[in-house]
Amino acid sequence: MSTLRSDTIPLNRPFRAPGELENLAEVLASGHVHGDGRFTASATAKLKQITSAPHALLTTSCTHALELGTLLLELQPGDEVIVPSFTFPSPATAVALRGATCVFVDIDETTGNIDPAAAAEAITEKTKAIIVMHYGGVAADMGPLLELAEEHCLAIIEDNAHGPGGTWMGRPLGTIGTIGTLSFHDTKNVHAGEGGALLLSDDLLMIRAEIMREKGTDRARFLRGQVDKYGWQDIGSSYLPSDLNAAVLDAQLSAYDEIQANRHRVWNTYARELPAWGQRNDVRSMVVPANREHTAHLYYLRMPSEDVRDEFITHMRDRGVATPFHYVPLDTSPAGLKMGRTPVPCTRAAEFSRTITRLPIWPGMTDDQVARVVDAATDFVA
Ligand SMILES: *Cc1c(COP(=O)(O)O)cnc(C)c1O
């Protein structure tokens with residue numbers, strides 16, 4: 001194995017937002033460092049504006065927002081939730097923690113998102129919800145999924161970890177289903193080191209979510225002066241982030257337009273420079289279907305085979321460019337085999353996983369760095 005070049009362009013580099021150090025200093029000096037302080041309120045307001053969500057709650061992670069989601073849906077042993085095979089393990093673990101069963105279904109191979117036809121086939125009388133992940137911030141095919149939810153009285157959880165700002169038919173991702181979640185992990189478009197958010201439209205779900213986020217107490221209502229003491233009201237956990245995380249997030253959200261413009265600059269260069277080379281080499285570029293705005297969270301290529309993909313990753317590493325693969329399918333993972341059910345083998349997810357490679361994309365990438373990635377890629381002959 002050759003060693004990694006010191007000038008290697010990483011896949012991602014966390015954004016440094018103007019004002020984040022000042023915000024952190026302000027929190028530490030204020031004497032209010034725990035959650036629900038000034039920056040929790042400010043970041044939440046900005047997030048509601050960006051997403052148009054009627055309700056938003058900051059959480060300690062997207063994984064915890066998904067856990068809050070499965071608590072709100074009152075999932076129990078015996079219940080089934082449809083989960084795409086090609087996604088991060090968080091939604092599956094949120095279902096399994098309630099003792100419910102994940103039913104894994106295949107993806108649409110043009111986008112990597114859940115295939116509505118596969119979801120339809122997997123519905124039984126035990127199905128309670130469908131989890132949708134918008135891969136790369138490109139909307140899943142929501143039309144038929146909303147019809148299924150309506151017809152079978154199912155909830156939809158949108159795992160929108162790949163960024164606020166995406167839309168489907170003009171509707172913001174994360175606000176189309178019953179529950180939306182976001183991640184502010186430092187590999188995501190907007191970050192708080194670690195963090196997340198829950199997006200809701202329903203007022204009653206919001207009341208309960210606020211209690212569940214605060215260890216099952218009505219502390220938030222107490223802080224607003226709506227009750228004169230607070231106590232244990234419901235099950236829940238400690239999902240409220242500290243105001244230090246919110247202080248970083250608030251600075252990041254202030255720079256949201258700049259972050260997105262720069263990510264789109266990189267994404268658009270790849271989308272312009274790579275398809276001609278791709279066509280000559282049987283390499284498929286990332287597809288964004290009509291009526292969707294994406295978040296430029298990632299740019300991926302689909303190589304003709306796993307062997308060619310692995311050769312490409314080595315070629316790029318030798319040129320000083322990190323181009324890792326992505327999710328390992330959940331249906332054939334050790335925990336998926338133990339805790340899930342897979343009515344039809346997810347062959348498209350397996351193929352997607354075997355052939356995908358992702359190119360570096362982050363707001364601070366210089367035009368020279370983007371050109372280096374393009375030059376290295378287009379020098380590769382499959
Ligand atoms: C990153 C990610 C998560 C987990 O987010 P955390 O904030 O780290 O918990 C969940 N789902 C998807 C699709 C992700 O990309």
Side-chain angles (χ1 to χ4, degrees), residues 11-15 35 43 47 51 56-71 81-97 102 104-105 107-108 111-114 129-140 156-166 173-174 176-177 179-199 213 237-242 244-246 248-249 252-253 263 286 294-300 324-331 333 335-336 349 352-353 356 358 361-362:
L11 178 72
N12 176 62
R13 185 166 277 166
F15 182 72
L47 196 60
T51 60
L57 286 173
L58 300 192
T59 58
T60 32
S61 66
C62 181
T63 306
H64 279 168
L66 289 161
E67 285 180 29
L68 258 174
T70 57
L71 280 171
V81 177
I82 294 173
V83 178
S85 160
F86 185 75
T87 188
F88 195 68
S90 296
T93 213
V95 170
L97 272 173
C102 295
F104 295 111
V105 299
I107 55 166
D108 167 348
T111 58
N113 291 327
I114 189 167
I130 302 176
I131 297 185
V132 175
M133 187 268 294
H134 304 295
Y135 189 55
V138 177
I156 290 184
I157 298 182
E158 292 177 78
D159 178 353
N160 195 29
H162 293 182
L173 303 187
I176 303 167
I179 291 169
T181 66
L182 290 166
S183 174
F184 304 125
H185 186 270
D186 78 356
T187 51
K188 304 296 157 69
N189 288 19
V190 173
H191 82 85
E194 299 266 3
L198 185 76
L199 305 180
R213 180 179 70 156
S237 191
S238 188
Y239 295 135
L240 175 70
S242 109
L244 289 170
N245 297 73
V248 174
L249 182 64
Q252 298 258 329
L253 289 170
R263 297 191 79 99
M286 184 168 169
H294 68 93
T295 59
H297 174 60
L298 48 79
Y299 189 91
Y300 64 80
F325 48 87
H326 213 182
Y327 307 127
V328 178
L330 296 176
D331 58 315
S333 65
F352 204 88
S353 173
I356 196 167
R358 291 172 295 156
I361 186 165
W362 29 281

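Counting starts at 1 for both ligands and their atoms, following the listed order. Hydrogens, waters and symmetry mates play no part in the numbers below; they use all other heavy atoms, side chains included.
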What do you reckon, does [X] have a nitrogen or oxygen under 3.5 Å from a nitrogen or oxygen of ligand 1?
X	answer
Phe88	no
Ser90	no
Thr87	no

List the closest protein heavy-atom neighbour of [atom]: residue, atom name, distance to the nearest 0.1 Å.
atom	answer
atom 9 (O) of ligand 1	Thr63 OG1, 2.5 Å
atom 11 (N) of ligand 1	Asp159 OD2, 2.7 Å
atom 14 (C) of ligand 1	Lys188 NZ, 3.2 Å
atom 15 (O) of ligand 1	His162 NE2, 2.9 Å

Next item on the list: State which residues pass side chain to side chain donor-acceptor pair (under 3.5 Å) with His294; sequence neighbours excluded, sorted by chain then number.
Entry: none
Note to self: Taking side chain to side chain donor-acceptor pair (under 3.5 Å) as the definition, give me every residue that meets it alongside Gln252, ordered by chain and number, with sequence neighbours left out.
What the structure shows: Glu20, His191
Notebook entry, point to check: Taking all non-hydrogen atoms of both residues, which atom of Phe86 and which atom of Ile356 are closest, and how far apart?
Noted result: CZ-CD1, 4.4 Å
Next item on the list: Tell me, please: is Phe86 in heavy-atom contact with ligand 1, that is, under 4.0 Å?
Entry: no
Next item on the list: Mark the output for Gly195 as yes if a heavy-atom distance to ligand 1 is under 4.0 Å, and as no if none is.
Entry: yes
Next item on the list: Provide the number and element of each atom of ligand 1 under 4.0 Å from a heavy atom of Tyr327.
Entry: 13 (C), 14 (C), 15 (O)
Notebook entry, point to check: Which bit of Tyr135 is near ligand 1, meaning a heavy atom under 4.0 Å away: side chain, backbone, both or neither?
Noted result: neither
Notebook entry, point to check: If hydrogens are left out, which of His326, His64, His185 has an atom nearest to atom 8 (O) of ligand 1, that is, the closest non-hydrogen atom?
Noted result: His185
